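Contents: one structure, followed by commentary.
Counting from 1, the numbers follow the sequence of the chain as shown. Here the structure is a predicted model, which is why all the values come from computation and not from measurement. Numbering of ligands and ligand atoms starts at 1, following listing order.
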Amino acid sequence: MNPHIPHILFVNPWIHDFAAYDVWAKPYGLLSLAAITRCHGYQVSYIDCLDRFHPRAGKTDPYIRNGRGPFRKKTIQKPGGLSDINRTYSRYGIEPEWFREDLSAIPKPDLIMVTSLMTYWAPGVRETISAIKKIFPTVPVFLGGIYASLCYDHACKHSGADRVLSGSTEKTILDIFETYFGYRELSLYNPDDPDTYPYPAFDLQRVINYVPILSSRGCPFSCAYCASGYLNDAFTQRKPEFVVEEIKYFNTRHGVRDFAFYDDALLVNAKSHAIPMLEQLVNDDVNVRFHLPNALHIREINEEIASLMYLAGFQTIRLGLETVEFQEKRHQLDRKVSEKEFYDAVNVLLSAGFEKDQVGAYLLCGLPDQTTASVESSIRTVLKSGITPVLSHYTPIPHTALWPKAVLSSRYDLEADPIYTNNAILPCQKEPFSWEKVLYLKNIIKEGSDNNKPAIPEMVEAGCASEKLGSTHN
Ligand code: SF4
């Protein structure tokens, strides 16, 4: 008789929010875990509640807008505490009925692993786990990811998961299986060396319309608003040649043209990391497009790097400017950049050949004590520099240095429920949410950007977007 091979189901949950859009947002960590699980001989299934290409959804071209696109959405009731917000709240992703059918169509799993991203998407995670439990009531559900790591106690109490996993599960997944299944497979990778990991299992998706790349994990800086330091044990970088191999693999094997770097600190140690990687991409004439939804460190950008990025095919560049207050106020938040460094970086990028609408500067909006005038001043400075301002609504994140101040500044009880940290509602402003104020700032950008291209929503978080797209996804 054949021994039973454990079957693990991996699930990317629904999003509940006021707005959500697929801006190169894939569950990198979950698919990395699926790849590790698969290469150790376990059976693997994957269901993506955010699947934009579900067979029951209308036909849509996966490759327009460099792979980005809207999620399907259905209006749902706002959580009680957010009834003061005059905006529509939705479930983003596939229909619940399709999810039930997809769950019922697979063999009963032995274990189900669900990921989580934004802390304030907790209600979507809860609904996903509840739907799973209706089909597989006796199968244990483990929850990992960013919400699980940042709000561990809340997730234990409210998610409905049987077990909550905090931190990077890529290193511990075989231990978890050993505890649960009672035996251990011989490890085929070194948990401390991401270059030995199998490539994330993007092939489990129906369509691979773009691929995220993680060439480093963590960040050597510690900005007051960012959780990168909490979510990653240390700053580590992969070998450039292995990263290039991975890009070539997805390009030649799966025809992928668009790649989004998820790094928090792509240009740190550029001489030994980004520069050789970019040089190899240019020399090998790898014909793909690169996008940087996470911000670059401005002071690391010089003529050589700008030129290599241009030649390698970078199409979307984001700079971590955050504010144009360059003196004391800024130093309470971060020490990322001076005024001169910002202007120098813009000049070398535009001189290298980038168009002004390819280069955006993230500007934080909704920080504790921040005035509308201060954000407006930052927007006008960026417009004057010749590139595009991109508003990045501040999300208060537990375990960051700014969290205590955020809690004191907010009109909500941030510690009571992560739904109150939703950056769409500017939770750290004392006065009630004003959609007019947000539109006022957006209009300044629109009028100053003098391009008529339809805006693509940018789902970004404080700083280098490290909660949304950062390196701890599992
Ligand atoms: S905001 Fe960016 S630079 Fe600052 S700690 Fe986070 S990832 Fe690093």
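- Using a 30° and 60° split on the angle between ring planes, Phe259 and Phe290 fall in the tilted class, from 30° to 60°.
- His399 and Tyr230 have parallel rings, their planes meeting at less than 30° on a 0 to 90° scale where 60° marks the start of perpendicular.
- Within the 4.0 Å heavy-atom cutoff, His297 counts among the residues contacting ligand 1.
- Evaluation of the side chain to side chain donor-acceptor pair (under 3.5 Å) rule for Arg238 yields Asp195, Glu246 as partners, not counting sequence neighbours.
- Judged as a side chain to side chain donor-acceptor pair (under 3.5 Å), and not counting sequence neighbours, the contacts of Gln237 are Asn269.
- Heavy atoms from both the backbone and the side chain of Cys223 come within less than 4.0 Å of ligand 1.
- For ligand 1, the atoms sitting less than 4.0 Å from at least one non-hydrogen atom of Tyr225 are 1 (S), numbered in the order shown with element in parentheses.
- Each of the following atoms of ligand 1 lies closer than 4.0 Å to a heavy atom of Cys219: 3 (S), 5 (S), 7 (S), 8 (Fe).
- Interface atoms of ligand 1 facing Asp264, defined by a heavy-atom separation under 4.0 Å, are 7 (S).
- For the side-chain hydrogen bond (donor to acceptor under 3.5 Å, both in side chains) with Tyr120, the lone residue among Asp417, Asp17, Asn423 that qualifies is Asn423.
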